[in-house]
Amino acid sequence: MAKKGGDDGGNPGVWKLVYADFVTAMMAFFLILWLANTASEAERDLLADYFNPISVSRQQSGSDGAAAGQTNAKEGAQSSDKADSNDPLTMGRTTKSGGPSDLVDSSVGEGNSGADDGLKALEEKLQVAFRQQVDPLGLNDVVYIERREDAVYIQIHDDEAFAMFSAGSAQMTPRARELFSNLGEILRSIPNVIRIMGHTDGSPFSGNAGSRGNWELSADRANSARRVMETAGLQTDRVEAVEGRATREPLVPSRPNDPKNRRITISVHSEVAASGDLLFSTAP
């Protein structure tokens, strides 16, 4: 019996739908491959962590200050208020339990376990990014990360061989500018709120008497660090506060003029900023 018009034993348009689905799937597949190839290891880890519900907590937390007068043990964790100026401040060490430096495990209750888990994950991601972008600068001895109850703290301090700013000014040195630019690139890929604090040593400020002092200098230096990091991509509304602490929180209390007291502290908190949707923003 002769076929009726258009009757080929099936729907002649089905193969077009199947082919369109196949092409769409292949485009998505190659897009994923391209993104995986262009993103850094730290960005891939942070992206995966972004979809992990325990990676970032939106709970509010307060701040107990920056270094709060404490200094570092040889392992790099803040341990006591009686520092030896010769103790190195090593980047990339986490706080150990079982001693006075146990600022996380011994003080965080069960109600804060979500925030603690988020800060722990955040610290680990920062460690990975620092190894990739800060280690090559050869400044490991002046940068370190510490997780506390309220935030992950990044501290950058001067030493005999490195200065962040020209003496008595907020003019950043070239090496420090490169360092803070790398920090801006690292911090732009996470959605958390940050605070920036400047500290000076105990030397009297030699500027115009009565008009400027260590309070103004420390605040100006914190703002200088903020501007460099924002130029590198840190979203402006991620910065919750920029503060000058002057000489009030020395890292080495026994030596007020020790260069380690001149430092910038960046605290990365558990709460997420309004620009959290700008994760992995590539804006300059």
Minimum heavy-atom separation for Met172 to Val228, with atom names?
SD-CG2, 3.9 Å
Side chain Thr24, main chain Ala20, donor-acceptor under 3.5 Å:
yes
Who passes side chain to side chain contact (heavy atoms under 4.5 Å, CB included) against Asn223, sequence neighbours left out?
Arg226, Arg227, Val242
Holding to side chain to side chain donor-acceptor pair (under 3.5 Å), I want the full list of residues that pass it with Asp201, two or more places apart in sequence or in another chain.
Ser203, Arg262
First locate atom CZ of Phe180, then atom CD of Glu230, and finally report the distance between them rounded to the nearest 0.5 Å.
13.5 Å
Identify the two heavy atoms, one from His157 and one from Asp141, that lie closest to each other, and give their separation to 0.1 Å.
NE2-O, 3.4 Å
With a 4.5 Å cut-off on side-chain heavy atoms, are Val142 and Met164 touching?
no
Under the side chain to side chain donor-acceptor pair (under 3.5 Å) rule, collect the residues that match up with Ser169, sequence neighbours excluded.
none
Taking the side chain as everything from C-beta on, heavy atoms only, tell me whether Asn192 gets closer than 4.5 Å to Val152.
no
Do you know which two heavy atoms are closest between Asp116 and Arg147, and how far apart they sit?
OD1-NH1, 3.5 Å
All heavy atoms of Met229 vs all of Ile196, minimum pair found to be CE-CD1, 3.5 Å
Shortest non-hydrogen pair, Ala163 vs Ala176, comes out as O-CB, 4.5 Å
Between Asn261 and Arg255 (side chain of the first, backbone of the second, donor and acceptor by atom type, cut-off under 3.5 Å), is there such a pair?
yes
Which heavy-atom pair separates Thr265 from Gln155 by the least distance, and what is that distance?
OG1-OE1, 2.8 Å
Under the rule for side chain to side chain contact (heavy atoms under 4.5 Å, CB included), what residues qualify as partners of Met26, not counting sequence neighbours?
Phe22, Phe30
Considering only heavy atoms from C-beta outward, does the side chain of Thr200 approach that of Phe165 to under 4.5 Å?
no
Taking the side chain as everything from C-beta on, heavy atoms only, tell me whether Asn140 gets closer than 4.5 Å to Asp135.
yes
Do Leu187 and Ile266 come within less than 4.5 Å of each other through their side chains, counting heavy atoms only?
yes
Under a 3.5 Å distance rule, please check whether Asn182 uses its side chain to pair with a backbone N or O of Gln133 as donor and acceptor.
yes
Should Ile154 and Phe162 be regarded as members of a common hydrophobic cluster, given that ILVMFWY residues are connected when their side-chain heavy atoms come within less than 4.5 Å of each other, either directly or indirectly?
yes
How far does OG of Ser189 sit from NZ of Lys125, to the nearest 0.5 angstrom?
11.0 Å
Given side chains that start at C-beta, do those of Leu137 and Val143 come closer than 4.5 Å, heavy atoms only?
no
Just how far is it from atom CD of Glu124 to atom CG of Leu119, taken to the nearest 0.5 Å?
11.5 Å
Hits for side chain to side chain donor-acceptor pair (under 3.5 Å) against Glu243, two or more places apart or cross-chain, chain-then-number order -> Arg245
Side chain to side chain contact (heavy atoms under 4.5 Å, CB included) against Val23, all qualifying residues, sequence neighbours excluded:
Tyr19, Met27
Quick one: are Leu217 and Arg212 in side-chain contact, heavy atoms under 4.5 Å?
yes
Do Val193 and Val239 sit in the same hydrophobic cluster, where Ile, Leu, Val, Met, Phe, Trp and Tyr count as joined when their side-chain heavy atoms come under 4.5 Å apart?
no
